[in-house]
Visitor: 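Sending over a structure as structure tokens; questions will come in a sec.
In what follows, every heavy atom counts, from backbone to side chain, and hydrogens, waters and symmetry copies are set aside.
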Amino acid sequence: MKWLWLLLLASVALAGDGARLYYSRTFPGSAPPYFDITLESNGDVVYREAVDDDFPTKFRLSDSETAQVFGLADKLDHFKHPLESPLKVAFMGTKIFRYELGAEKDEVKFNYTEDLNGQALLDWFERMADSAQQRDNLERAAKYDHLGVMHAVELLAGAYERKRMVGLDQFLPILDRISKNENYMHQARALAAEIAESIRKGGP
């Protein structure tokens, strides 16, 4: 199995060099009602909650995470075919996948898909969004609401245990700052240190 994984990493590195994946979800009434994510082939992620967002959230996926996401895009033939399910289902937001590589640009729009690879890729992008939102929430609390830090760390801990977080290294700087700052509650500092230690050991 190890050689298969190495082959996947190599194929993504070659085929995905300079490639970009884009995902957006527009769902009025949800929170947020719009967001989009751009993933570069080197793992760089940009998360925005408005098309003209001047202060997007940026982080990086690991090599293995990036390989898995681009591998799913490969299985979906870079979105050259429809993904929308013929089933009549409730509206769950307009979603767009797009693949860009040089002059190549293919995208697909859908509300709901039954394609297992499409569902898996959707979950990856939704976890990227969850991760960006959790980090933004934690950083806001740490800066402006010291009493709210405990709640923010608990929310992160819950998402982390459910394996909804990706690009885990992005959380280490803020968790370390919280764990070492005596202005925060002891419980918040201890939980932040516990999450950081678990991340450094390889995850939950």
Visitor: Taking atom OG1 of Thr26 and atom CZ of Phe35, what is their separation to the nearest 0.5 Å?
Guide: 9.0 Å
Visitor: Are the charged groups of Glu104 and Lys80 less than 4.0 angstrom apart, N to O?
Guide: yes
Visitor: For Leu87, does the CG atom sit with more than 12 other heavy atoms under 6.0 Å from it, leaving out its own atoms?
Guide: yes
Visitor: Could you state the interatomic distance from OG1 (Thr57) to CD (Glu49), rounded to the nearest 0.5 Å?
Guide: 7.0 Å
Visitor: Distance from Leu61 atom CG to Asp169 atom CG, nearest 0.5 Å?
Guide: 10.5 Å
Visitor: Can you name the closest pair of heavy atoms from Pro173 and Gln170 and give their distance?
Guide: CD-O, 3.5 Å
Visitor: Output the distance between atom CZ (Arg177) and atom CD (Glu139), rounded to the nearest 0.5 Å.
Guide: 6.0 Å
Visitor: Which ILVMFWY residues can you reach from Val149 by hopping between side chains whose heavy atoms are under 4.5 Å apart?
Guide: Leu138, Met150, Val153, Leu156, Tyr160, Met165, Leu168, Phe171, Leu172, Ile174, Leu175, Ile178, Tyr184, Met185, Leu191, Ile195, Ile199
Visitor: Is Arg98 close to Ser24 at the side-chain level, that is, under 4.5 Å between some pair of heavy atoms?
Guide: no
Visitor: Provide the closest heavy-atom pair for Ala152 versus Ala141 in the form atom of the first, atom of the second, distance.
Guide: CB-CB, 3.9 Å
Visitor: What distance separates Trp124 CH2 from Tyr23 OH, expressed to the nearest 0.5 Å?
Guide: 15.0 Å
Visitor: Counting only heavy atoms not in Phe91, do more than 12 fall under 6.0 Å of its CZ?
Guide: yes
Visitor: Run the side chain to side chain donor-acceptor pair (under 3.5 Å) test on Glu114 and Tyr112 for me, step by step, so that the C-alpha distance in whole Å, both residues' side-chain angles and the decisive distance to 0.1 Å come before the verdict.
Guide: CA-CA 7 Å; Glu114 295 178 273; Tyr112 171 74; 5.3 Å; no
Visitor: Which heavy atom of Ile37 sits nearest to which heavy atom of Phe125, and what is that distance?
Guide: CD1-O, 3.2 Å
Visitor: Please check this pair: side chain of Ser131 against backbone of Arg127, looking for a donor-acceptor N/O pair closer than 3.5 Å.
Guide: yes
Visitor: How close do Tyr47 and Pro32 get, counting heavy atoms only, and between which atoms?
Guide: OH-CG, 3.8 Å
Visitor: On a heavy-atom basis, which atom in Asn111 and which in Lys95 lie closest, and how many Å separate them?
Guide: O-NZ, 2.7 Å
Visitor: Below 4.5 Å, heavy atoms only, C-beta onward: do Asn42 and Thr66 meet side chain to side chain?
Guide: no
Visitor: Which atoms form the tightest heavy-atom contact between Val46 and Pro56, and what is the distance?
Guide: CG1-CB, 3.6 Å
Visitor: Assess whether a salt bridge exists between Asp123 and Arg164, defined as any Lys/Arg side-chain N lying under 4.0 Å from an Asp/Glu carboxylate O.
Guide: yes
Visitor: Judged by atom type as modelled, is there a donor-acceptor pair below 3.5 Å linking the side chain of Glu84 to the main-chain atoms of Lys109?
Guide: no
Visitor: Only one of Thr38, Asp36, Asp53 clears side chain to side chain donor-acceptor pair (under 3.5 Å) with Arg48; which?
Guide: Asp36
Visitor: Going by distance alone, is a donor N or O of one side chain under 3.5 Å from an acceptor N or O of the other, for Glu107 and Tyr22?
Guide: no
Visitor: Please check if Tyr34 and Leu122 belong to a single hydrophobic cluster, counting links between Ile, Leu, Val, Met, Phe, Trp and Tyr side chain heavy atoms closer than 4.5 Å.
Guide: no
Visitor: Are the charged groups of Lys201 and Glu197 less than 4.0 angstrom apart, N to O?
Guide: yes
Visitor: Which of parallel (below 30°), tilted (30 to 60°) and perpendicular (above 60°) describes Tyr99 and Phe70?
Guide: perpendicular
Visitor: Is Asp115 salt-bridged to Lys75, cutoff N-O under 4.0 Å?
Guide: no
Visitor: Find out whether Leu21 and Phe79 are in side-chain contact, i.e. whether some heavy atom of one side chain is under 4.5 Å from a heavy atom of the other.
Guide: yes
Visitor: What verdict does the side chain to side chain contact (heavy atoms under 4.5 Å, CB included) test give for Arg20 and Leu39, after you've listed the backbone C-alpha separation in whole Å, the side-chain angles of each residue and the deciding distance to 0.1 Å?
Guide: CA-CA 6 Å; Arg20 172 183 296 161; Leu39 172 64; over 6 Å; no
Visitor: Is there a path of hydrophobic side-chain contacts, each under 4.5 Å between heavy atoms, that joins Ile96 and Met128?
Guide: no
Visitor: Please lay out, stage by stage, how Asn181 and Arg189 fare under the test side chain to side chain contact (heavy atoms under 4.5 Å, CB included).
Guide: CA-CA 7 Å; Asn181 191 331; Arg189 293 166 53 205; 5.8 Å; no
Visitor: Nearest 0.5 angstrom please: Arg135 CZ to Lys58 NZ, how far?
Guide: 11.0 Å
